[in-house]
Every structure is written in structure tokens, then in C-alpha cells.
2 protein chains.
Amino acid sequence: MNFLKKDNISDAVIRRLPRYYRQLTDLCNQGIVRISSQSLGQEMGITASQIRQDFSCFGEFGQQGYGYHVEELRREIGQILGVDKDHHLIMIGVGNLGHALLQNFPFAQTGFTVDAAFDVAPNLIGTMINNVPVYAMADLAGFIREHKVDVVVLTVPQSVAQDMATSLIEMGIKGFWNFTNVELASEFPEVKFENIHFADSLLTLSYRVENP
Amino acid sequence: MNFLKKDNISDAVIRRLPRYYRQLTDLCNQGIVRISSQSLGQEMGITASQIRQDFSCFGEFGQQGYGYHVEELRREIGQILGVDKDHHLIMIGVGNLGHALLQNFPFAQTGFTVDAAFDVAPNLIGTMINNVPVYAMADLAGFIREHKVDVVVLTVPQSVAQDMATSLIEMGIKGFWNFTNVELASEFPEVKFENIHFADSLLTLSYRVENP
DNA sequence: TAGATTGTTAATCGATTAACAATC
DNA sequence: TAGATTGTTAATCGATTAACAATC
């Protein structure tokens, strides 16, 4: 099963997909059945052309004279993004931020199951946080050997971030959701890093409020 | 005091500035005094051309035959980003995520002072979190009237996000650091939203690990 | 001075937008 | 059928890269 019509999908297109998915989910919840690229674009502040171009990278989801069936289009984009792929994830580092994510983030809605968390703090090890067991770091390698782990959420201190990433890559991890504000690197192109750089984001805002 | 040489600085350039700033801070801490666009590019995985183009939007920070003085360049970029602008910030919504940010995020390093947080929970109101006082929502309008507030961190539930943003805009707020995973909008172009869309980010990663 | 490296102009590349034939 | 709207091709626009004269 392959959705791609083009082989080189640009970063910009991929980053718009979750926004489409979000918007379509909203429309679904509002009970809206069909939508044209025209009106979808209007709602999202992008051109109808771009929407049609974006979708055309993956297939033909619309119908001339009609537009797109919201629910169907949503399902297609969800499938492209992999929300039904049964992805599994573990968290390394359960500080304040890790806690917040475990408690609040709707992992299931993005198709992820959180199987475990790992930390060095003795008072955390052995506890459950929102049904996720917290294990000792010593158990990490063994856990990865015995489980399918698609993505690691990296919420460790900056000082250990790259070392931790390096050993996780050695253990076969290919996906990193990186909250450490460190620019992680790997020599293997199949290893993917998705960074949440809080500081970069706030500095961007800082610039914009001063330069409107 | 105006740094701009060009008037239209693209989004892409602005988003690279914090990365430059981060890299230069690292280099500073390593005690490195000078660097060429060539080697800076190598370290960051971008071309020397791009670096020189980016910097040239704001001024002439280098010297032929020498390169850039790391500390000076860092200071310049920091100034462009506004880290020395005495920016003030308040937080609306002090749940797990808000807590995590208050406890861990180095606001001072990005030039922000957190003056207050606001929440509806009676058990939080009146407490201090990492030296930040938590007030009742009823005190919000008054606080904003009496203080300089450049940015609001929005860490409220999705359901109230847009309404809260709308009233904050009416109170004169121009900068939103938005963690609600809702696409906020304003009719005023001078109001800036900087979004941290966790779900979008994870979905992007989900796509990438499946399509290497 | 000679070598290195900038800032900037020109060339290329890629992404966005426009246009339109196909067709529901 | 006529009107609407797609998917796609072509045109435009903007961003990245290359080249090079200026100069430290």
C-alpha cells in the first residue's frame, strides 16, 4: 500500500499535512460533509492552488464539480501521516515536561501508544504516570530489544542529550521527538529528529513583536 | 537604533536566527574567538552562502580575510532577536505544561521576565511557582492595564483558547506564545502568534519514520 | 604582499500561484 | 445539460547557491 505519487515530497508540504488534518477534524466535528479547495483555503489562509498541489502529491482525493468529502479526505491524510500505523513510543526523562506530556498529550489521537518511560530518579522508578510505567535507565536497552519502539521522546537534561541519542541510535531507534533544545545529529540519514525548540520559538516571537 | 538593511526579511531567515544564536553561544562557551561562514556552515549543515546572505539582511558583521568575531556576532544576533529588550511576559493557564515551563524554561536567557501567571484553580491562586505569583483570572485585565506585557504564554485548554486570545487582544496584547494546539487568529496584523503545535510536530515525525 | 574571506550581485533551483482542459 | 471544481501543466515568484570583486 503506497500513497505517494511523487517521490520527493518537500518539507513544506509535509509540515502542512498535520494542519490539514487538524482543520479537517474540526470540519468533521462540525458535521460538514463536503468542502472545496477554495473554501478550505479561505479558512486556513492559503491558496486553493496550494491545497490541490499538496494533495496531488499523494493521490486524487477530490471530485470535479464537487470538491472533497471531508471525512474521506481526513481519513486519507491521517493514513498518510500514519495515525493508524500502531506506532509505539517511549519517553526518556520524566521531569516536569515529561510529566506534563504523559498527563496531557493525546498520544492516542496521533496514533501513538506510550509503552514506558525511563528515568534515573529512584523515587520515580517503579511508579506509573497516567498508566505508563517508569523504569530505570538500566532496563532501557533490554526493553528496546524486546519491544517495537518507533519513536523516543527525549526529555532529558541538555548535558546528556547527544550521548543518550547516540546510544539509542545504536540500539536501533530511528525517530526522536527532541525537547532538549540541543541540535542532535546522526550519521545515518534514516534517523529522524523532530525538534521542539522552545527557546527558538520564543526568540522568533521576540523578534516579531519588535518588528511588526 | 535600527539593524535592518532590508525591509522584507523572510520567515525562513528569522527562523534561522535563533539557531545561529544558539550555535554562537556554544562556540563562545568553547572559547572559540573567530569563525568563518565556511566552518560555521559546516557545523550547522548549511551553506556559507546562506549564512552570509542571512547576516547581510541586518548589517555587516564580518571582516574580509578574517571571518566573524564569535562573541561580537553573537551579541549582534542577540540584539536583533531582542534578548536585551527587557521583555515582559505573563502566563495564562498553569496546568502541567505551564508548571513545567515556569519551573524549567530559562526565560531570562531569552530576555524575558515572567511577571505573573493566571489560573482559575482556587488551590493555585495566591501561590508562587518558581518566584512567579499566580493570580485569579479576575485580576488579569487590571494587571495588564498596570504593567508592560509584551507576550502572553497561552497554556489554557483548547476550548477557551480563541476566546481568551480575543479578549487579551482587546486588552492590547500583541504577542502570543501559543501552546493550545488551536490555530489562533486575529484581524490585526500587528498581533503575532507563535505556535508550539506538539501534535503537528509528532505527526510530522510519524510521517518521516514511515517514509525515510 | 599573498591568502583568506567577506558582502553582494547574478544564476539556479524549488515552491507557490495561475490557468485551463477534463469531468463530475 | 450547465456550473463547479478538480488535477495538472505552465508561469511566476522567492529563496538558495554560486561566483567574484573588494579588502582586511
Side-chain angles (χ1 to χ4, degrees), chain A residues 3-20 23-24 27 32-77 80 204 207, chain B residues 3-20 23-24 27 32-77 80 204 207:
Chain A
F3 303 101
L4 276 65
K5 290 179 70 189
K6 281 169 57 176
D7 7 294
N8 276 347
I9 314 246
S10 80
D11 187 74
V13 174
I14 296 166
R15 295 211 164 267
R16 278 193 293 272
L17 291 179
R19 266 196 77 204
Y20 290 133
Q23 185 70 27
L24 290 163
L27 291 168
I32 289 165
V33 174
R34 68 163 280 273
I35 196 157
S36 65
S37 55
Q38 180 73 215
S39 26
L40 185 58
Q42 213 136 36
E43 288 177 20
M44 298 182 64
I46 56 187
T47 65
S49 251
Q50 179 157 76
I51 289 175
R52 295 204 300 277
Q53 280 279 18
D54 284 353
F55 293 171
S56 77
C57 296
F58 303 99
E60 310 189 359
F61 305 137
Q63 205 172 328
Q64 280 103 329
Y66 174 84
Y68 301 88
H69 188 274
V70 173
E71 204 178 312
E72 190 189 305
L73 182 58
R74 175 179 179 276
R75 195 176 51 245
E76 293 279 6
I77 294 180
I80 294 163
T204 303
Y207 176 86
Chain B
F3 304 100
L4 276 66
K5 287 180 68 188
K6 281 170 57 178
D7 8 296
N8 275 347
I9 313 247
S10 81
D11 187 74
V13 174
I14 296 166
R15 296 212 163 267
R16 278 193 294 271
L17 291 179
R19 266 195 76 205
Y20 291 133
Q23 186 69 27
L24 290 164
L27 291 169
I32 290 165
V33 173
R34 68 163 279 273
I35 196 158
S36 65
S37 55
Q38 179 74 213
S39 26
L40 184 58
Q42 212 137 36
E43 288 176 20
M44 298 184 64
I46 56 186
T47 64
S49 251
Q50 179 156 75
I51 289 176
R52 296 204 299 277
Q53 280 279 18
D54 284 354
F55 293 171
S56 78
C57 297
F58 304 99
E60 309 190 359
F61 305 136
Q63 204 172 329
Q64 279 105 329
Y66 175 83
Y68 301 88
H69 188 274
V70 173
E71 205 178 313
E72 190 187 305
L73 182 59
R74 175 178 179 277
R75 195 178 50 247
E76 292 280 6
I77 294 180
I80 294 163
T204 303
Y207 176 86

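Nearest nucleotide to the A/Ser56 side chain, out of D/dG7, C/dT16, D/dT6: D/dG7.
Between B/Ile51 atom CD1 and D/dT16 atom P there is a gap of 12 Å when expressed in whole angstrom units. Rounded to whole Å, atom P of D/dT5 lies 15 Å from atom CZ of A/Phe55. Going from atom CZ of A/Phe61 over to atom C1' of D/dG7 covers 12 Å, rounded to whole Å. The distance from atom CD1 of A/Ile35 to atom C1' of D/dA4 is 15 Å, rounded to the nearest whole Å. Taking atom CG on A/Leu73 and atom P on D/dG7, their separation rounds to 9 Å, with Å as the unit. Regarding B/Asp11, its CG atom lies at a distance of 20 Å from the P atom of D/dC13, rounded to whole Å. With rounding to whole Å, B/Glu60 atom CD is found 18 Å from C/dT5 atom P. We find that CG of A/Asp54 is positioned 11 Å from P of C/dA15, with the value rounded to whole Å.
Of all non-hydrogen atoms in B/Val70 and B/Leu24, the two that sit nearest each other are CG1-O, 3.7 Å.
Phosphate proximity of C/dG7 to B/Tyr68: present, with a side-chain N or O under 4.0 Å from OP1 or OP2.
In terms of the salt bridge (charged side-chain N to carboxylate O under 4.0 Å, His left out) criterion, A/Arg74 has no residue partners (sequence neighbours excluded). Applying the side chain to side chain donor-acceptor pair (under 3.5 Å) test to B/Ser39 and every residue at least two apart in sequence or in another chain returns B/Ser36. When the side chain to side chain contact (heavy atoms under 4.5 Å, CB included) test is applied to A/Arg75, the partners found at least two apart in sequence or on another chain are A/Glu72, A/Gln79. B/Gln63 meets the side chain to side chain contact (heavy atoms under 4.5 Å, CB included) test with B/Tyr66; sequence neighbours excluded. Partners of B/Gln42 according to the side chain to side chain contact (heavy atoms under 4.5 Å, CB included) rule, which considers only residues two or more places apart in sequence or in another chain, do not exist here. With sequence neighbours excluded, the residues forming a side chain to side chain contact (heavy atoms under 4.5 Å, CB included) with A/Arg15 are A/Asp11, A/Glu194, B/Thr204, B/Arg208, listed by chain and number.
Residue-environment remark: CD (B/Gln23) exceeds the threshold of 12 foreign heavy atoms within 6.0 Å.
For residues 41-54 of chain B, the pairs satisfying salt bridge (Lys or Arg N to Asp or Glu O under 4.0 Å) are B/Arg16-B/Asp54, with sequence neighbours left out.
Secondary-structure annotation of DNA chain D gives the stems C:3-24 with D:3-24, with a stem taken as at least 3 successive Watson-Crick or G-U pairs whose two distances both fall under 3.5 Å.
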TODO: Sugar-phosphate means primed atoms, P, OP1 and OP2; the rest is base. With that split, encode nucleotides 17-24 of chain C 5' to 3' as B, S or - using protein heavy atoms under 4.0 Å.
DONE: BBBB-BBB
